[in-house]
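Written out below as structure tokens is the structure these notes cover.
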Amino acid sequence: MLDINFIRNNQSLVEKSAHEKGYYDVDISKLIELDDRRKVLAKQADDLRADRNSLSAKMKNGKPDPELIAQVKDIKAQLAEIEPELSELEVTIRNQLKRVPNVIFDDVPLGGEECNAEVAKWGEHRTDGVDHLDYAISRNWVDFERGAKVAGAKFYYLRDELALLENALLQFGIKKVLEHGFHFMTVPDMVSSEILEGCGFNPRSSQQSDEYYIEGEDLAMIATAEMPLTGFHMNEIIDEKDLPLCYAGYSACFRKEAGTYGKHTRGLFRVHQFNKLEMYVFCLPEKSREMHEKIRSIEEEIWQELDIPYHVINNAAGDLGSPAAKKYDIEYWSPVDQKYRELTSCSNCTDFQARSLNIRVRRNDGSVEVLHTLNGTAISLARTMVAIIENYAVKDGKLRVPEVLKPYLNGESEI
RNA sequence: GGAAGCGUGGCCGAGUGGUUGAAGGCGCACGACUCGAAAUCGUGUAUGCAGCAAUGUAUCGGAGGUUCGAAUCCUCUCGCUUCCGCCA
């Protein structure tokens with residue numbers, strides 16, 4: 001969430017960003033009015049408490065004075081009138097505040113998805129591709145039918161070489177993130193609502209929530225390791241000298257994907273459960289733009305080494321989530337569909353998530369401020385396998401193995 | 001799941017209901033000493049909110065309650081540890 005004082009001082013900017021992102025359901029002026037009221041009440045309550053405290057202090061020697069006690073009781077009565085409204089107001093303000101999206105950077109294209117700007121392009125488009133699902137089924141590498149039998153549509157089994165390919169990709173991904181100084185981690189696959197909402201995801205009550213929730217518990221299955229990685233440092237103050245903190249979390253990811261039926265749902269591209277290696281960075285505010293470029297370059301490096309043609313887009317405002325100030329997507333060129341498809345994304349969330357979860361930095365000079373967080377996909381395995389099959393499979397033949405994956409597949413050049 | 005114990009500042013660790021936002025130590029910062037360093041000594045060192053500031057106020061896992069006054073008492077709750085049960 002944003003800082004209420006920032007919102008006060010930059011009201012039009014905040015409103016403009018919310019509008020550009022496309023969800024504009026919070027009345028900023030009203031929010032500021034609520035906070036005005038909160039300040040007045042808080043001041044009154046503080047003054048009353050000051051009176052109460054000084055009167056109480058007069059009775060410190062164990063000599064209760066009926067006169068003073070009566071006065072204190074009167075003050076308590078006044079407090080009792082203010083406090084409920086004050087605490088209710090604080091909750092309301094926080095809830096409203098959580099709904100105000102992060103401000104976009106000035107180099108984010110305005111408009112909707114159609115305004116996404118291509119900022120880089122790599123590789124030669126292949127003209128012939130192999131449909132990944134037909135191919136994988138023909139090799140008996142994937143089983144959606146039995147997946148549906150045990151868990152429902154969009155659940156699947158991977159087997160034999162494809163399951164081994166997934167493992168090889170993970171090993172390759174781990175190697176890459178280690179090379180770039182990330183700490184490899186495995187994480188809880190469930191998080192509490194506090195973490196989920198602090199990351200800027202829609203709450204359980206929301207119609208748009210994409211998460212699976214555990215009945216009777218304040219828990220959700222994670223949609224990305226970004227969730228537990230953000231929560232990792234909740235309520236902590238990190239010394240400046242320890243930043244940046246770079247983590248790469250591997251987890252299963254669970255998404256309901258409600259309402260996406262019909263949008264390229266075939267096969268492994270959009271499923272309810274997949275595995276992903278996610279990069280996550282906590283850094284100084286003035287370093288986050290630079291770090292964002294670094295994460296993007298790592299992602300590009302991965303696709304180049306896998307030799308998958310791609311382009312990078314700077315997502316337009318209407319395509320950004322609530323927490324992101326700027327986001328890059330890497331889309332690979334699908335030779336089957338003759339178009340680009342999303343493979344990874346990386347976002348600079350500035351201080352948006354960190355403020356919600358109270359994650360701060362203690363500067364060398366002793367001052368404390370909210371730090372910045374960023375996240376980026378290292379490798380999303382199911383989708384990457386789609387891209388690899390499309391680019392590397394030989395129709396009615398074997399799957400050629402990308403050079404960098406050979407070490408993890410017994411040195412085989414085809415499987 | 002049953003029983004017991006414990007949750008205090010960046011960390012460790014004191015804390016008879018009343019100058020306790022909190023002793024002491026560690027760590028850290030600055031200063032002195034030194035050619036420099038180590039050691040030593042001195043000073044400082046939680047966060048939120050309001051305020052230009054002085055300062056006020058809140059916070060000792062969380063939420064309620066008792067009291068003129070709660071880190072200290074009561075209730076609930078969450079987490080951790082240990083023992084038992086169960087189990088990859």
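Every chain is numbered from 1, with letters handed out A, B, ... down the list of sequences.
Residues L169(A) and I388(A) meet the side-chain proximity criterion, which asks for heavy atoms closer than 4.5 Å. For the pair K21(A) and N102(A), the minimum side-chain heavy-atom distance is below 4.5 Å.
Protein atom CD of E236(A) is 13 Å distant from nucleotide atom P of G9(B), rounded to whole Å. Straight-line distance from the CG atom of N235(A) to the P atom of C11(B): 12 Å, rounded to whole Å. C78(B) atom P lies 16 Å from atom CE of M234(A), rounded to whole Å. A50(B) atom P lies 7 Å from atom CG of D35(A), rounded to whole Å. Rounded to whole Å, the distance from CZ on R363(A) to P on U47(B) is 14 Å. Atom P of nucleotide G51(B) and atom CG of N5(A) are separated by 8 Å, given to the nearest angstrom. Distance, L79(A) CG to A58(B) C1': 12 Å, rounded to whole Å. Rounded to whole Å, atom P of C11(B) lies 9 Å from atom CD1 of I237(A).
When both pairing distances are held under 3.5 Å, U67(B) makes no Watson-Crick or G-U pair with any nucleotide shown. Nucleotide G51(B): unpaired (no Watson-Crick or G-U wobble partner with both distances less than 3.5 Å). Remark: C30(B) base-pairs with G42(B). Criterion, Watson-Crick or G-U wobble with two distances under 3.5 Å. Nucleotide G7(B) has C78(B) as its partner under the Watson-Crick or G-U criteria, with both atom distances under 3.5 Å. Across every strand in view, G85(B) sits unpaired, with no contact that passes the Watson-Crick or G-U test at under 3.5 angstrom. When both distances must be under 3.5 Å, the Watson-Crick or G-U wobble mate of A23(B) does not exist.
Among the protein residues, R38(A) comes within range of the sugar-phosphate backbone only, with heavy atoms under 4.0 Å from sugar or phosphate atoms but none that close to a base. In this structure, N358(A) reaches neither bases nor backbone, as no heavy-atom distance under 4.0 Å exists between it and the strands shown. The residue A42(A) sits apart from the nucleic acid: no heavy atom pair falls under 4.0 Å.
Between C60(B) and U19(B), the distance separating the two P atoms is 16 Å to the nearest Å. The separation of G42(B) from G9(B), taken at their C1' atoms, amounts to 23 Å, rounded to a whole angstrom. A14(B) and C6(B) are spaced 16 Å apart, taking the C1' atom of each and rounding to whole Å. The same atom, P, is picked in G56(B) and in G7(B); the two are 31 Å apart, to the nearest Å. On the C1' atoms, G5(B) is 16 Å away from G61(B), given to the nearest whole Å. Here the separation of C84(B) from G48(B), taken at their C1' atoms, is 44 Å to the nearest Å. Comparing the same atom, C1', in C33(B) and in G69(B) gives a spacing of 49 Å after rounding to whole Å. A gap of 26 Å separates the P atoms of G31(B) and A23(B), to the nearest Å.
Rounded to the nearest 0.5 angstrom, L97(A) CG and I28(A) CD1 are separated by 8.5 Å.
Applying salt bridge (Lys or Arg N to Asp or Glu O under 4.0 Å) to E301(A) and the options K176(A), K294(A), R296(A) leaves one that passes, K176(A). Each of T224(A), T344(A), T377(A) was scored for a side-chain hydrogen bond (donor to acceptor under 3.5 Å, both in side chains) with K276(A), with one residue passing: T224(A).
Considering only side-chain N and O atoms, K76(A) lies under 4.0 angstrom from the phosphate OP1 or OP2 of G69(B). For the OP1/OP2 pair of G48(B) and a distance below 4.0 Å, the side-chain nitrogens and oxygens of R360(A) include at least one atom meeting the criterion. Put simply, K73(A) has a side-chain N or O that comes within less than 4.0 Å of OP1 or OP2 on C68(B). For R362(A), a side-chain nitrogen or oxygen approaches OP1 or OP2 of U47(B) to under 4.0 Å.
Here the side chain of A50(A) is nearest to one of U47(B), G69(B), G56(B), namely G56(B). Of all nucleotides listed (U57(B), C68(B), A58(B)), U57(B) comes nearest to the side chain of D46(A). The side chain of K39(A) lies closest to A50(B) when the candidates are U57(B), U47(B), A50(B).
In this structure, H292(A) has its ring center no closer than 6.0 Å to that of F105(A).
Residue order along RNA chain B, read from the 5' end via each residue's closest nucleotide, puts D3(A) first among D3(A) and R49(A).
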Would R363(A) and L284(A) satisfy side chain to side chain contact (heavy atoms under 4.5 Å, CB included), going step by step from the backbone distance to the final call?
-> CA-CA 9 Å; R363(A) 297 280 191 173; L284(A) 292 171; 3.5 Å; yes
